[in-house]
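As the structure is a computational prediction, the values presented were derived from the model and not from experiment.
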Amino acid sequence: MVHDVILFGKRAVPLQNRAKALNSRSRFNIRIRAMADDLEFRRRWKHVSYIELWSDAAIFQYDDGSKWYMNIS
């Protein structure tokens, strides 16, 4: 299975678009750009290993196996 890659800062993280819709990817990109100045998000981003993108949510999986859900709708 081919995964997309999202670049943010100096890190590249694999992204799987489970919704298979370009609209959800564009909403996710807008939300990530809006979070660029959020210090807490930048701290979390350092530990993200994988992202699943659904129609209205992005699921960030961390190195330790925990998950964080972000609403993108």
Side-chain angles (χ1 to χ4, degrees):
M1 179 173 277
V2 177
H3 298 286
D4 290 335
V5 175
I6 183 155
L7 298 170
F8 184 77
K10 295 180 181 178
R11 295 199 62 227
V13 176
L15 176 116
Q16 185 176 10
N17 191 350
R18 298 240 183 200
K20 296 188 179 24
L22 294 176
N23 188 20
S24 62
R25 177 62 192 258
S26 65
R27 285 185 295 163
F28 177 70
N29 288 339
I30 291 168
R31 181 81 163 128
I32 289 291
R33 281 191 220 117
M35 302 280 292
D37 293 332
D38 186 8
L39 186 59
E40 185 63 31
F41 177 74
R42 287 182 170 269
R43 286 183 184 144
R44 288 180 179 184
W45 181 254
K46 293 178 184 177
H47 302 287
V48 173
S49 62
Y50 182 74
I51 301 171
E52 286 183 38
L53 188 60
W54 292 90
S55 60
D56 59 350
I59 303 169
F60 294 80
Q61 185 170 1
Y62 293 111
D63 299 332
D64 63 357
S66 62
K67 294 181 180 182
W68 176 55
Y69 298 87
M70 182 173 73
N71 187 6
I72 61 171
S73 59

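Residue pairs meeting the side-chain hydrogen bond (donor to acceptor under 3.5 Å, both in side chains) criterion with at least one member in residues 64-73, sequence neighbours excluded: D64-S66, N71-S73. Residue pairs meeting the ring-ring contact (aromatic ring centres under 6.0 Å, His included) criterion with at least one partner in residues 9-32, sequence neighbours excluded, do not occur; the list is empty.
In the hydrophobic clustering, where aliphatic and aromatic side chains (Ile, Leu, Val, Met, Phe, Trp, Tyr) are joined below 4.5 Å either directly or transitively, I30 stands alone.
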N/O donor-acceptor pairs under 3.5 Å from side chains in residues 37-44, not counting sequence neighbours:
from	atom 1	to	atom 2	distance (Å)
D38	OD1	E40	N	3.4
R42	NE	A36	O	2.7
R42	NH2	A36	O	3.1

Could you list the donor-acceptor pairs under 3.5 angstrom formed between side-chain atoms of residues 48-62 and any protein atom two or more places apart in sequence or on another chain?
from	atom 1	to	atom 2	distance (Å)
S49	OG	Q61	O	3.1
Y50	OH	Q16	OE1	2.3
E52	OE1	R18	NE	3.3
E52	OE1	W54	NE1	3.4

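L7 is linked by a side-chain contact (heavy atoms from CB on, under 4.5 Å) to V5, A12, counting only residues two or more places apart in sequence or in another chain. With sequence neighbours left out, R31 forms a side chain to side chain donor-acceptor pair (under 3.5 Å) with no residue at all. Under the salt bridge (Lys or Arg N to Asp or Glu O under 4.0 Å) criterion, R25 pairs with D4, not counting sequence neighbours.
The main-chain N or O of A21 is found under 3.5 Å from a side-chain atom of N17 such that the two form a donor-acceptor pair.
Side-chain contact between F8 and I32: present, with at least one pair of heavy atoms (C-beta onward) separated by less than 4.5 Å.
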